[in-house]
Amino acid sequence: MSANLRAVAATCCYQVVDQGKSLSDVLPKAQLQFENPADKALLQEICFGVLRHLPLLDFVCQQLMAKPLIKQLRPLQFLIYVGIYQLKFLRIPDHAAVGETVEAARYLKGQSMTKLINGVLRSVQRKAELFDVSQAPLPVQTNHPSWLVNSLQQAYPQQWQQVLAANQQKAPLWLRVNVQRCSIKEFCQALTAEGIEFSQPEPSLPQAILLAQATDVVLLPGYLDGWFAVQDLAAQYAAVFLAPENGEHILDACCAPGGKTGHILEIAPKAQVLALDKDAKRLDRVRDNLARLGHQAEMKAADAATPRQWWDGQPFDRILLDVPCSATGVIRRHPDIRWLRKAADIAALATLQQQILIQIWPLLKPGGTLLYATCSVLPAENQLQISQFLAHHPDAEAVALGAGINDSQMQILPGEQQADGFFYAKLSKKANG
């Protein structure tokens, strides 16, 4: 196993935390350096783990180092985090974790730092008390930035600890059966025949399949034939709440990567769907996903906030508005979010969300339905957005989500129903508005 892997992991984490790059961009490129699937998996495990436990790892370092390494040596600081994470959380033998991490310093031009790195890691081996965080600040105890801890405490005084704990867990693998290609029963039988353990824990979403263990989805039965899509349970509510019907003109705004677009077309295969996204490259992924599933939709690369530049004037019967958000509901899948997002970002996002909602609303037919969605858990992006919009739009009214839910809004917190954090609000345009 190459020591270079540790150096690459440290570089990835450095690029995320110090340079503000997304792990979703950095990690796949880094994995291209390795042919062995086991190495790719280990690289991901280390990167996810370091970002998931960064305050704890730094807390340990502070007890063993007089001061953090200077700016020019920051990749080596992250290499120390990589070493500590392996010793504390992975089953790699200690001697290998220490030896290969020290050796990795040479790949980062840190030959002069190998003695320091070795000394820190040897101390970590001997001193379990270094990880006692009982008296540490909440950001260290919870492994979240203080602004987010404070925001969750205010929003969920009874549940904030539950949310933070859920963010530290590895996300399960949910599938959505494509009923246009395969019945739910047939797909379940195919999984059983392959010895793959699964469950269907949500009666209101029978097409939602929870695998007992994560696996390479390409190897699952029916992948190439489009029998299923990968989609978290919370996201599967979107198309169900939207309740599309054949023949309707439907807008899926901010649609990438296309999971909800595909689900809409599975429920209403003869609907006329426009899949819109600002990022043309992300639309390529939507196109690929729909092609595998056997669905067709019109696609357009355009900004939902400026419909004058792309709308043809034909109003929509239904609109799914999955707006750009803080993604604070999917931190367990994207541990870098907690370090990429800042407190100041929330107000800017809320302004953008309200702008998109205001601009999109006129595109909806009288009597039509708009489903507002985010993968956020922050009220400023969710409940407060909807109340503000309703206060200024007398032609809008909140209506029941459906699917057995009489409320017009639903906030799913991370870990509830083993799902991601998600928010939904359903609005209808008054026919006489």
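The analysis underlying the following values was restricted to heavy atoms, covering all of them including side chains, and did not include hydrogens, waters or symmetry mates.
For D345 (side chain) and K342 (main-chain N/O), a donor-acceptor pair under 3.5 Å exists by modelled atom type. Of the possible donor and acceptor atoms, one in the side chain of N143 sits under 3.5 Å from a partner among the backbone N and O of L56. With hydrogens and angles disregarded, a donor-acceptor distance shorter than 3.5 Å links the side chain of K40 to the backbone of F34. With Y237 contributing its side chain and A403 its backbone, the two residues share no donor-acceptor pair below 3.5 Å. Between the side chain of K278 and the backbone N or O of D303, no donor-acceptor pair lies under 3.5 Å. Proximity of a side-chain donor or acceptor of R6 to a complementary backbone N or O of I46 within less than 3.5 Å is not detected. A donor-acceptor pair under 3.5 Å is absent between the side-chain atoms of R74 and the main chain of Y14, judged by distance alone. Of the possible polar contacts, none joining the R52 side chain to the P335 backbone as a donor-acceptor pair under 3.5 Å is found. Within the 3.5 Å criterion, the main-chain N or O of G258 finds no donor-acceptor partner in the side chain of N289. Of the possible donor and acceptor atoms, none in the side chain of D317 sits under 3.5 Å from a partner among the backbone N and O of I250.
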Requested in this report: List the steps and the verdict of side-chain contact (heavy atoms from CB on, under 4.5 Å) for F241 and I405.
Outcome: CA-CA 9 Å; F241 289 157; I405 298 175; 3.7 Å; yes
Query - Audit row: Q141, Q161, side-chain contact (heavy atoms from CB on, under 4.5 Å) steps and yes/no - result: CA-CA 11 Å; Q141 292 186 33; Q161 291 171 306; over 6 Å; no
**Report entry** Trace of the side chain to side chain donor-acceptor pair (under 3.5 Å) decision for Q62 with D58
**Finding:** CA-CA 6 Å; Q62 288 178 29; D58 187 60; 2.7 Å; yes
Query raised in the report: side-chain contact (heavy atoms from CB on, under 4.5 Å) between L233 and Q418: does it pass, once the steps are laid out?
Result: CA-CA 8 Å; L233 177 75; Q418 301 186 69; over 6 Å; no
Requested in this report: Given side-chain contact (heavy atoms from CB on, under 4.5 Å), test V330 with H334 step by step and report yes or no.
Outcome: CA-CA 6 Å; V330 293; H334 304 281; 3.9 Å; yes
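The minimum heavy-atom distance linking A239 with I264 is given by the pair CB-N, 3.8 Å. Closest non-hydrogen pair, R338 versus P145, comes out as O-CG, 3.2 Å. The two atoms that bring E45 and Y85 nearest to each other are OE2-OH, 2.5 Å, heavy atoms only. Taking every heavy atom of both residues into account, K21 and L340 meet most closely at O-CD2, 3.5 Å. Here the shortest heavy-atom pairing between Q355 and A305 reads NE2-CB, 4.1 Å. Among all heavy-atom pairs drawn from I209 and V177, the shortest one is CG1-CG2, 3.8 Å.
Salt bridge D420/R332: present, at least one basic N to carboxylate O contact under 4.0 Å. A salt bridge does not link D284 with K281: every distance from a Lys NZ or Arg NE/NH1/NH2 to an Asp or Glu carboxylate oxygen is 4.0 Å or more.
For C61, the side chain to side chain contact (heavy atoms under 4.5 Å, CB included) test picks out M65, Q77, I80, Y81, I84, with sequence neighbours left out.
When the shell of 6.0 Å around CD of Q19 is examined, it contains more than 12 heavy atoms from other residues, nucleotides or ligands. Within 6.0 Å of CD in Q63 there are more than 12 heavy atoms belonging to other residues, nucleotides or ligands. Heavy-atom neighbours of K300 NZ from other residues, nucleotides or ligands within 6.0 Å: above the threshold of 12. Counting heavy-atom neighbours within 6.0 Å of E197 CD, excluding the residue itself, gives a total of 12 or less. Remark: Q213 CD is loosely packed, at most 12 non-hydrogen atoms of other residues, nucleotides or ligands lying under 6.0 Å away.
To the nearest 0.5 angstrom, H393 atom NE2 is 10.0 Å from Q388 atom CD. Interatomic distance, F423 CZ to D322 CG, rounded to the nearest 0.5 Å: 12.0 Å. Y424 OH to I412 CD1: the interatomic distance, rounded to the nearest 0.5 Å, is 6.0 Å. The CG atom of L378 lies 10.5 Å from the CZ atom of R341; values are rounded to the nearest 0.5 Å. Note: I346 CD1 to S151 OG = 7.0 Å, rounded to the nearest 0.5 Å. Distance CG/L164 to OH/Y156: 11.5 Å, rounded to 0.5 Å.
Contact of the V179 side chain with the I184 side chain is registered, since non-hydrogen atoms from C-beta on lie closer than 4.5 Å. Within the 4.5 Å cutoff, the side chain of D39 has no heavy atoms near those of the L43 side chain. With a 4.5 Å cut-off on side-chain heavy atoms, K260 and C255 do not count as touching. Looking at V286 and D277, their side chains never come closer than 4.5 Å, going by heavy atoms from C-beta outward. By the 4.5 Å heavy-atom criterion applied to side chains, F389 and W361 are counted as neighbours. In this structure, the side chains of L210 and F198 stay at 4.5 Å or more apart for every pair of heavy atoms. Residues T101 and L121 are in side-chain contact: their nearest non-hydrogen atoms beyond the backbone lie under 4.5 Å apart. A 4.5 Å side-chain heavy-atom check between W339 and P55 finds at least one atom pair inside the cut-off.
Taking the ring axis of F131 as reference, the NZ or CZ atom of K88 stays within 45° of it and closer than 6.0 Å to the ring centre. With Y223 as the aromatic partner, R292 meets the cation-pi criteria of under 6.0 angstrom to the ring centre and within 45 degrees of the ring axis.
Using modelled atom types and a 3.5 Å distance limit, the side chains of T306 and Q359 yield no donor-acceptor pair. There is a side-chain donor-acceptor pair under 3.5 Å between E381 and Q353. N382 and Q411 share a side-chain donor-acceptor pair at under 3.5 Å. Side-chain atoms of E248 and Q272 form no donor-acceptor pair, as typed in the model, at a separation below 3.5 Å. Defined by atom type and a distance below 3.5 Å, a donor-acceptor pair is missing between the side-chain atoms of Q236 and D232. Side-chain contact of E266 with H295: a donor-acceptor pair under 3.5 Å is present, judged by distance alone. In this model, no donor atom of one side chain and acceptor atom of the other lie less than 3.5 Å apart for Q111 and R106.
The aromatic rings of F187 and F228 sit tilted relative to each other, their planes meeting at an angle between 30° and 60°.
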